[in-house]
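Structure first, then comments.
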Amino acid sequence: LSSAVNPLCTHNFTRELISYYDNDSQALRSNLKKARKCWGRLQRVLRAENASPRVCGMFYKATMMSVLLFGSESWNLPPSAIKCLEGFNLQAARRMTGMMPREKPDGSWAYPSSEEVLEKAGLHTIEHYIEVRRNTILNFLINRPIHALCEDAVRNRGTGATSIGGSNLWTWRR
């Protein structure tokens with residue numbers, strides 16, 4: 001009997017869908033669904049308060065980026081998934097600023113410049129936010145004391161011992 005291996009499983013503790021493939025599109029879709037619901041509710045409140053585009057952008061960054069980009073530090077996404085995130089980000093910025101696409105008399109559509117829309121809302125691209133999150137995690141890991149100990153251990157791999165402040169912490173043996 002041959003059994004097919006299911007490439008997806010559910011993590012027992014978090015109940016999140018885990019893929020054995022090196023692609024985090026499922027996590028992206030889950031976060032995007034949550035972000036759309038959350039932003040829909042928050043946007044109504046901001047519109048009722050007649051908030052400026054910059055204030056809306058601040059609320060968006062403070063709330064939506066934590067929901068939308070949760071776990072993005074380790075994501076491996078294809079370019080099509082990044083475009084999906086960028087589309088959500090740009091659509092939210094257009095609604096904040098009121099710079100929506102307009103239909104021309106000939107039936108074609110005129111879209112405002114993406115850079116101009118993001119600038120008016122005080123936002124950046126999603127790739128920028130993912131890069132900032134990754135750099136934050138990287139800096140945290142590099143600046144931990146254990147990082148220096150590991151580097152020292154690797155450097156002294158052939159000598160047998162690693163010492164910090166004159167005391168041997170452990171012996172490195174093959």
Side-chain angles (χ1 to χ4, degrees), residues 6-144 147:
N6 185 0
L8 297 174
C9 72
T10 304
H11 188 271
N12 289 336
F13 180 69
T14 61
R15 300 288 180 222
E16 291 290 325
L17 208 56
I18 298 172
S19 172
Y20 291 114
Y21 300 121
D22 195 15
N23 187 330
D24 296 304
S25 295
Q26 181 62 36
L28 166 82
R29 283 192 294 274
S30 174
N31 286 3
L32 195 55
K33 183 178 177 182
K34 292 174 191 171
R36 283 186 177 128
K37 285 174 66 175
C38 183
W39 181 242
R41 292 188 303 259
L42 185 59
Q43 190 177 21
R44 275 185 248 134
V45 172
L46 293 171
R47 212 178 297 134
E49 293 294 325
N50 201 20
S52 71
R54 285 278 181 183
V55 171
C56 291
M58 287 182 211
F59 273 95
Y60 178 81
K61 285 189 283 190
T63 58
M64 297 312 302
M65 289 301 149
S66 62
V67 173
L68 186 61
L69 299 180
F70 177 77
S72 65
E73 299 87 0
S74 62
W75 283 351
N76 181 27
L77 296 173
S80 59
I82 296 289
K83 284 184 179 182
C84 183
L85 284 171
E86 290 289 359
F88 176 79
N89 190 45
L90 191 55
Q91 183 63 25
R94 283 186 182 135
R95 288 189 177 159
M96 285 180 239
T97 60
M99 298 173 71
M100 300 300 287
R102 307 277 182 226
E103 189 173 7
K104 294 180 181 177
D106 65 354
S108 63
W109 288 86
Y111 286 83
S113 164
S114 299
E115 294 81 20
E116 185 181 332
V117 172
L118 291 173
E119 173 65 31
K120 189 172 180 184
L123 300 176
H124 297 284
T125 62
I126 288 291
E127 287 187 86
H128 170 79
Y129 292 121
I130 291 174
E131 188 66 30
V132 167
R133 289 174 75 100
R134 287 181 177 168
N135 287 337
T136 301
I137 294 294
L138 182 63
N139 287 333
F140 172 75
L141 293 174
I142 287 175
N143 293 325
R144 293 179 68 199
H147 181 71

key: Interatomic distance, Asn89 atom CG to Met64 atom CE [nearest 0.5 angstrom]   = 10.0 Å
request  = List in chain and number order the residues that pass salt bridge (charged side-chain N to carboxylate O under 4.0 Å, His left out) with Glu119, two or more places apart in sequence or in another chain; answer none if no residue qualifies.
outcome  = Arg54
message = Taking salt bridge (charged side-chain N to carboxylate O under 4.0 Å, His left out) as the definition, give me every residue that meets it alongside Arg36, ordered by chain and number, with sequence neighbours left out.
response = none
request  = Quick one: closest heavy-atom pair of Ala93 and Leu118, and the distance?
outcome  = CB-CD2, 3.9 Å
message = Once rounded to the nearest 0.5 Å, what's the spacing between atom CG of Asn135 and atom CD1 of Ile130?
response = 12.0 Å
note = Rounded to the nearest 0.5 angstrom, the NZ-CG distance for Lys61 and Leu69 is 13.0 Å
query = Is any side-chain heavy atom of Phe88 closer than 4.5 Å to a side-chain heavy atom of Leu85?
reply = no
query = Residues in salt bridge (charged side-chain N to carboxylate O under 4.0 Å, His left out) with Arg94, at least two apart?
reply = none
key: Evaluation steps, side chain to side chain contact (heavy atoms under 4.5 Å, CB included), between Thr125 and Leu90   = CA-CA 8 Å; Thr125 62; Leu90 191 55; over 6 Å; no
query = Within a strict 4.5 Å, meaning less than it, do heavy atoms of the Val67 and Asn31 side chains meet?
reply = no
ask   = Between Lys104 and Ala110, which heavy-atom pair has the shortest distance, and what is it?
value = CE-CB, 3.5 Å
note = Minimal heavy-atom distance between Glu127 and Glu86, with the atoms involved, is N-OE2, 3.2 Å
ask   = Should we say atom OH of Tyr129 is surrounded by more than 12 heavy atoms from elsewhere, each under 6.0 Å from it?
value = yes
ask   = Should Trp39 and Leu46 count as side-chain neighbours, where that means a heavy-atom distance under 4.5 Å?
value = yes
query = Within a strict 4.5 Å, meaning less than it, do heavy atoms of the Leu123 and Met96 side chains meet?
reply = yes
key: Heavy-atom neighbours of Asn139 CG exceed 12 at 6.0 Å   = yes
key: Side-chain heavy-atom pair Ile126, Met65 within 4.5 angstrom cut-off   = yes
inquiry  = Applying side chain to side chain contact (heavy atoms under 4.5 Å, CB included) to His128 and Arg133, what does each step give before you reach the verdict?
reply    = CA-CA 9 Å; His128 170 79; Arg133 289 174 75 100; over 6 Å; no
ask   = So, does Ser30 use its side chain to make a donor-acceptor pair with the main chain of Gln26 at under 3.5 Å?
value = no
inquiry  = Using 0.5 Å steps for rounding, measure from the CD1 atom of Ile137 to the CD1 atom of Ile142.
reply    = 11.5 Å
query = Should we say atom CD of Glu103 is surrounded by more than 12 heavy atoms from elsewhere, each under 6.0 Å from it?
reply = yes
request  = Give, for atom CE of Met99 and atom OG of Ser114, the distance between the pair rounded to the nearest 0.5 Å.
outcome  = 9.5 Å
query = How many angstroms lie between atom CG of Leu42 and atom CZ of Arg47, to the nearest 0.5 angstrom?
reply = 10.5 Å
remark   = Note: Ala92 and Tyr60 closest approach over all heavy atoms is CB-CE1, 3.6 Å
